[in-house]
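Everything below concerns the one structure shown next.
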Amino acid sequence: MVVSFDQPTQTWMFIALHDMTLGPAMGGCRMMVYETPEEGLRDAMRLAEGMTYKWATIGFDLGGGKSVLAVPQPVAGDEREGLFERFGALVDSLRGAYACGPDLGTTPHDMSVIGRSTEYVHGVDRSGGEPVDPGPYTALGVFCGIRAALRHVHGDDSLGGRSVLIQGAGDVGYPLGKFVADAGGKVLVSDVDGTKAATLANKTGGTVIPLDASYATHCDVYAPCAVGATLNAETIPQLQCRIVAGSANNQLAHEADADRLHERGILYAPDYVINAGGATALPLLDSGRSTPDEVRERIRRFDKILSAIFNDSAANGVSPLLGAKRAAEKVLEGGKPLR
Ligand code: PHE
């Protein structure tokens with residue numbers, strides 16, 4: 001853990017490095033108001049662990065890391081720029097052990113500001129153009145994962161006549177809703193920000209679901225696309241779906257919640273696999289190693305990766321989370337990734 005306190009904004013800055021067996025750590029920078037700084041620290045540690053498994057599963061030689069800016073209240077304008085410049089200097093002091101990128105609460109523009117202080121940042125276009133936004137790439141991966149899950153459960157991956165409840169119509173939820181609607185699926189959407197939910201519903205001919213009703217609403221797929229830990233002992237018994245497949249990191253409050261879902265016959269697409277589209281896009285596009293089309297082609301393979309995880313875990317009678325973890329651990333021990 002790298003811990004620093006930013007006096008001007010009273011922000012705790014946490015950088016968690018989980019496992020660097022495969023390479024230097026890379027992972028997003030989250031900015032959020034937490035009840036206590038400890039919660040921000042814990043979030044950084046759990047998110048960094050997820051990144052270790054994410055990189056291993058999708059076959060990148062990178063380690064698990066994540067940063068959290070635990071702000072006392074939302075920051076904007078000059079104050080925000082100053083904070084990101086100073087955070088960039090903290091990242092730079094690690095000399096490449098950790099590289100950051102956008103995550104919940106941070107934008108591609110914030111990454112450009114970080115880029116004034118360090119080169120170890122992704123989601124910035126150094127040629128002066130638009131910064132790379134990982135959101136639509138993450139959404140594509142989730143969409144491919146939803147198809148794999150539908151095929152596993154129903155033997156048919158068509159979205160026609162299927163409903164997807166998107167919780168969080170933000171940078172990932174919004175483009176995901178469009179993919180679903182374009183494929184003939186029905187979009188149900190809830191968001192803490194009612195305007196965001198209404199915008200996506202209008203765009204897709206979907207329906208807004210009140211936040212407190214979202215867990216108990218009938219749908220084929222429940223797609224958590226915002227904060228983590230929405231799946232827990234209280235919410236899982238309420239679910240009226242066969243599939244949970246969304247982009248949020250750390251969707252499960254505890255590992256045991258994977259078994260809870262499994263026992264209810266609900267197929268869970270492990271978060272760090274299905275949401276790895278952004279992680280696939282950022283290093284490949286920023287380094288110029290791949291074109292956007294090549295990146296999308298690689299993300300479409302998530303369908304196969306997830307199918308393999310679903311099939312293996314079903315054959316072994318374990319939850320997909322455990323199946324995914326075992327596959328990732330094999331890679332960390334020197335084995336080949338699933339792709
Ligand atoms: N924050 C996103 C994720 O967790 C995208 C990201 C990936 C950002 C890798 C930086 C590095 O996958």
Side-chain angles (χ1 to χ4, degrees), residues 14-20 22-32 43-69 84 87-88 91 94 96-115 118-125 131-142 144-145 168 170-173 175-176 224-229 246-252 269-287 289-290 295 298-299 302 305 324 328:
F14 300 115
I15 301 178
L17 306 175
H18 175 256
D19 185 304
M20 296 163 75
L22 300 177
M26 189 187 294
C29 169
R30 173 167 293 196
M31 182 155 81
M32 238 171 88
D43 209 17
M45 290 177 74
R46 288 191 64 206
L47 290 162
E49 183 176 358
M51 288 308 298
T52 297
Y53 294 121
K54 189 179 301 193
W55 295 125
T57 310
I58 60 177
F60 280 70
D61 292 334
L62 291 167
K66 202 92 181 189
S67 49
V68 161
L69 300 178
F84 280 110
F87 173 69
V91 170
L94 303 182
Y98 168 72
C100 67
D103 193 70
L104 200 71
T106 57
T107 66
H109 175 72
D110 297 330
M111 297 307 117
S112 308
V113 178
I114 293 174
T118 184
E119 60 179 290
Y120 299 109
V121 54
H122 291 271
V124 185
D125 192 319
V132 175
D133 176 5
Y137 294 97
T138 308
L140 175 63
V142 174
C144 295
D171 297 331
V172 180
L176 175 62
C225 295
V227 288
S247 69
N249 278 311
N250 296 345
Q251 293 170 31
L252 307 175
D271 49 5
Y272 53 77
V273 184
I274 191 167
N275 74 13
T280 301
L282 286 173
L284 292 178
L285 292 177
D286 278 4
S287 62
R289 268 186 288 165
S290 305
V295 169
R298 184 155 174 172
I299 293 172
F302 288 7
I305 296 180

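Counting starts at 1 for both ligands and their atoms, following the listed order. Any value given below was found using the heavy atoms of this structure, including those in side chains, with hydrogens, waters and symmetry copies removed.
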Handout entry: Protein contact to atom 1 (N) of ligand 1 [nearest heavy atom, distance to 0.1 Å]
Key = D103 OD1, 2.7 Å

Exercise for the section: Name the closest protein heavy atom to atom 3 (C) of ligand 1, giving the residue it belongs to and the distance to 0.1 Å. Expected result: K54 NZ, 3.3 Å

Fill in the blank from the handout: Of all protein heavy atoms, the one nearest atom 5 (C) of ligand 1 is P102 O, 3.7 Å

Completion exercise
re atom 10 (C) of ligand 1, the protein heavy-atom contact at minimum distance is G28 N, 3.4 Å

Exercise for the section: For atom 4 (O) of ligand 1, grab the closest protein heavy atom and report residue, atom and distance to one decimal in Å. Expected result: K66 NZ, 2.8 Å

Practice task
Classify the side-chain pair T106/D103 by whether it contains a donor and acceptor separated by less than 3.5 Å.
Solution key: no

Practice task
Identify, by atom number and element, the atoms of ligand 1 in contact range of N249, meaning under 4.0 Å from any of its heavy atoms.
Solution key: 4 (O)

Exercise for the section: Say whether, by atom type as modelled, one donor and one acceptor occur between the side chain of D286 and the main chain of G123 under 3.5 angstrom. Expected result: yes

Exercise for the section: Give a yes or no answer on whether the side chain of Y272 reaches the backbone of T52 with a donor-acceptor pair at less than 3.5 Å. Expected result: no

Exercise for the section: Check each atom of ligand 1 against the heavy atoms of W55 and keep those under 4.0 Å away; list them by number with element. Expected result: 9 (C)

Practice task
Could you tell me whether a side-chain N or O of T118 sits under 3.5 Å from a main-chain N or O of G115, the two making a donor and an acceptor?
Solution key: no

Practice task
Starting from atom 6 (C) of ligand 1, locate the nearest protein heavy atom and write down its residue, its atom name and how far away it is, to 0.1 Å.
Solution key: L282 CD1, 3.6 Å

Problem - Nitrogen or oxygen atoms of N275 and ligand 1 under 3.5 Å apart - result: no

